[in-house]
Amino acid sequence: MPGDPAVFIDRDGTLTEEVGYVNHPRRLRLLPGSAEALRRLNRSGLKAVMVTNQSGVARGYFSEEVLHAVNEALVSQLKAEGAYLDGLYVCLHHPTVGDPPYRAACDCRKPAPGLLTRAAGDLGLDLSRSWMVGDKISDILAGRRAGVGSILVLTGYGLGESEYRRSRWPTPPDHVAEDLLESVEWILARRAR
Ligand SMILES: [Mg+2]
Ligand SMILES: [Zn+2]
């Protein structure tokens, strides 16, 4: 039985403001339109799954407890705006920095596809009808490797990626959108055709 389609969403620079390492819940800010984007997904039947690299744990900049507190703050801010995530998946690793178990050549640090494939197994998702939205080309690559479509947003690092690094992109996204809300509108419009 085919599973549900999903939109995998990067956190920093896509769902929330890119402010560097988020080492306290109060540093977390939803980007304008993010809650509305999730409300539309929540109503549409597409699952909304956050996939984020948080190597700050491996680097010793913040603990796993702080990471969970930050993500709980995100969930409660979304809830206050009538929106939710169907899953939150985090890579805590870095291949060369810190101590084991966080220093690891893992399969989940984007551009590896492990967060997406793990979520697909857990939640019963149909990757062939799913999308990845992110502000870095590593997000786009992770999407490609998981077999989903990909959208680059111009929030976070996206504008710089798009204006200055386009000639060096190993693979282009399927679409470039202003932000998460415009990405979701584009996905839902394509789906309706
Ligand atoms: Mg990002
Ligand atoms: Zn990892």
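Just so you know, ligand 1 is whichever comes first in the structure, and atom 1 is the first atom listed for that ligand. What's counted below: heavy atoms across the whole structure, side chains too, no hydrogens, waters or symmetry copies.
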[Y]/[X] salt bridge by N-O under 4.0 Å criterion:
X	Y	value
Glu185	Arg40	yes
Asp10	Lys110	yes
Asp126	Lys47	no

Q) Given atoms SG of Cys108 and SG of Cys106, what angle do they subtend at the Zn ion (ligand 2), to the nearest 10 degrees? A)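 Seen from the Zn ion (ligand 2), SG and SG are separated by roughly 110°.
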Q) Rounded to 10°, how many degrees is the angle ND1/His93-the Zn ion (ligand 2)-SG/Cys91? A)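 It rounds to 110°.
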Q: May I ask you to check whether Glu18 brings an N, O or S atom to under 2.8 Å from the Mg ion (ligand 1)?
A: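 No - counting backbone and side chain alike, Glu18 has no N, O or S atom under 2.8 Å.
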Q) Angle subtended at the Mg ion (ligand 1) by OD2 of Asp10 and O of Asp12, to 10 degrees? A)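 Value returned, to the nearest 10°, is 90°.
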**Q.** Under 3.5 Å: donor-acceptor pair, side chain of Thr52, backbone of Val90
**A.**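 Side chain of Thr52 to backbone of Val90: no pair is present.
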(Q) Before you tell me yes or no, could you show the steps for Asn71 and Arg11 under side chain to side chain donor-acceptor pair (under 3.5 Å), namely the whole-Å CA-CA distance, both residues' side-chain angles and the distance that decides it to 0.1 Å? (A) CA-CA 10 Å; Asn71 282 342; Arg11 195 186 80 182; 2.9 Å; yes
Q) Asp135: which N/O/S atom is nearest the Mg ion (ligand 1)? A)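 Atom name of the closest N, O or S in Asp135: OD1.
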